[in-house]
**Q** 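Quick one: the structure is below, and I'll ask about it shortly.
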Number of protein chains: 2
Amino acid sequence: MARQARYGAQSRLRALQSDIMDLILERELEAGDPLPTENELAASLGVGRNTLRESLKVLQAMGVIEIRHGFGMFVAPTNFDALAEGLMFRGRLSLRQNGEDALQLLGIRQALETGLLPAAVAASTPGHLERLAEAVEHLEQLAQAGEHSAAADAEFHRRLFEPLGNELLQQLLGVFGKVHRKIQLEAGPATDDAAAVAALHRKIYDAVAAGDAAAAGGLLASRFEELRAKIGALVAGR
Amino acid sequence: MARQARYGAQSRLRALQSDIMDLILERELEAGDPLPTENELAASLGVGRNTLRESLKVLQAMGVIEIRHGFGMFVAPTNFDALAEGLMFRGRLSLRQNGEDALQLLGIRQALETGLLPAAVAASTPGHLERLAEAVEHLEQLAQAGEHSAAADAEFHRRLFEPLGNELLQQLLGVFGKVHRKIQLEAGPATDDAAAVAALHRKIYDAVAAGDAAAAGGLLASRFEELRAKIGALVAGR
DNA sequence: AAGACAATATCGGATGTCCCACCTCCGCCC
DNA sequence: GGGCGGAGGTGGGACATCCGATATTGTCTT
């Protein structure tokens, strides 16, 4: 089967990825369903195993499939890990140059969160507020212990947009949250102590509870401005 | 160099990707700069060439590097192609099942665009409006010729958010625009004719020119509702 | 009879090697 | 002097082979 006529196409890999995705669609596989083994796939697609593996790794990175060593490959639930990975790299690279990408990355998160806040606030129910309040309290508890938890911060933002009921959107926001934190780490030692962060989130919560999305957005902005200034200083120092 | 102690890590590939990214950062490479050849990289990272290639392909998919056959590998400018690819697959897969992901994908685009519209409208200058008007006219010209151009549609949306001055954000919006159109294609034959689309965009332009972001958002929503209904029907038919 | 441990089967993970395809550039020939 | 062609280098691809991880299964112990 192998070693057939050479196709003129510049890149066979692209086609291979599509073939694999088509195969998944054709066989009506759902998330969690197993794919054929690498050897079977390689044989049925008429390519070498290494070539196939390159495609599979790419598909894994795209969040299409999940590879479990020694067990098999499966259709994966959506995940944006690769996106986050790539963007964080982008940000780091940018910080070593003109900082442009880092600022834009930050800008995306800010635009997304402030843009979506009104809708989230409007769709918020007492139950949502309750959960958001818990997140704030958790943040405050950690702050009292002098700890600075990125996970708790992320959880607050997650719950902030829970009312929208869009899990994919949540993941996307999570990605930019991760990127934000990474850039913050790279840009220099944290200047904000945990207590201040907790207090800020408490204020945001209050604004949300009061249904004032604009105020909440303004509060969110403060954390961005600080980081932007730090990035500006970092870049200027070169 | 090869065959050193086995690392306990579950996956070496992940580490390899990080190593390559670190190498780029350490050598202070910028976008467009060439990377070492595959053989050099494989040797200096102490892995086999095929293993290295898998990582490189993933990095390419993440938009970190650009690979030009027969020429070399280069640090790439940011691009979200892989993201679009993965999400379009997600949408197609979803349409064959419960349609949930497809709806959420649509929801993300809608949330993003309506959420960002106020800021875009506020930041819009006469120059921006001018360019937006041109896009509308182009759309209308095509409509008169009976043509239905996805590119012209995309261009309109691109110019809509140009005032925000965030290229990365533009690319991200572009991704969800692509995903939207793909889902629309997959969900069934277009029910909207080019003239209606052009007319709608004209109305959106008018709203933007009038500084009425809310109205523009409402107009945008109409295209989403139609598609949602189509998806609902498609899924129900199973 | 039930649970823990060990052998094994089944995958994916990694490598080295060989050859092909493609691009670029330099030098030759017209 | 300009265009064409080949040489060299670089990525693309295919095997064959061995390593490593994981789940399962079967047996041994309690």
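Below, read A as the first sequence line, B as the second, and so on, with proteins coming before strands; counting in each chain starts at 1. In this text, all values refer to a predicted model and were calculated from it rather than measured experimentally.
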**Q** Which part of the nucleic acid, if any, lies within contact of B:Gly48, taking any heavy atom under 4.0 Å across all strands shown: a base, the sugar-phosphate backbone alone, or nothing?
**A**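 Contact class for B:Gly48: sugar-phosphate only.
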**Q** Take atom CG of B:Leu41 and atom P of C:dG16, then tell me their distance rounded to the nearest Å.
**A**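 Computing the B:Leu41:CG to C:dG16:P distance gives 15 Å.
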**Q** What about the rings of B:His201 and B:His138, do their centers lie closer together than 6.0 Å?
**A** no
**Q** Nearest whole angstrom, please: distance from the P of C:dG16 to the CG of B:Leu45.
**A** 13 Å
**Q** Measure from the side chain of A:Val47, starting at C-beta and using heavy atoms only, and say which of D:dA14, C:dA14, D:dG11 lies closest.
**A** D:dA14
**Q** Quick one: A:Met73 CE to D:dA21 P, roughly how many Å, whole number?
**A**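 After rounding, the reported distance stands at 19 Å.
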**Q** Taking CZ from B:Phe74 and C1' from C:dT24, how many angstroms apart are they, rounded to a whole number?
**A** 11 Å
**Q** For A:Phe71 and for B:Gln60, locate the closest nucleotide of DNA chain D by heavy-atom distance; then report the residue assigned to the nucleotide nearer the 5' terminus.
**A** B:Gln60
**Q** Quick check on DNA chain D: between A:Leu52 and B:Thr37, whose nearest nucleotide comes earlier from the 5' end?
**A** B:Thr37
**Q** Which part of the nucleic acid does B:Arg53 contact within heavy-atom distance under 4.0 Å: base, sugar-phosphate only, or nothing?
**A**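 Touches a base.
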**Q** Using a 4.0 Å heavy-atom cut-off across all strands, classify B:Arg49 as base, sugar-phosphate, or nothing.
**A** base
**Q** Would you kindly say whether A:Arg228 and A:Gln110 are connected by a side-chain donor-acceptor distance under 3.5 Å?
**A** yes
**Q** Give the rounded distance in Å between these two atoms: CD of A:Glu38 and P of C:dC11.
**A** 11 Å
**Q** Would you say the ring centers of B:Phe224 and B:His180 fall short of 6.0 Å from each other?
**A**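 Here the rings of B:His180 and B:Phe224 have centres that are less than 6.0 Å from each other.
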**Q** For the pair made of CG in B:Leu35 and P in D:dG9, what is the distance, rounded to whole Å?
**A** 20 Å
**Q** Categorize A:Ile67 for me: base, sugar-phosphate, or nothing, with a 4.0 angstrom heavy-atom threshold over every strand shown.
**A**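 A:Ile67: backbone/sugar contact only, no base atoms under 4.0 Å.
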**Q** Using atom types as modelled and distance alone, determine if a side-chain donor or acceptor of B:Glu140 lies under 3.5 Å from a backbone N or O of B:Ala198.
**A** no
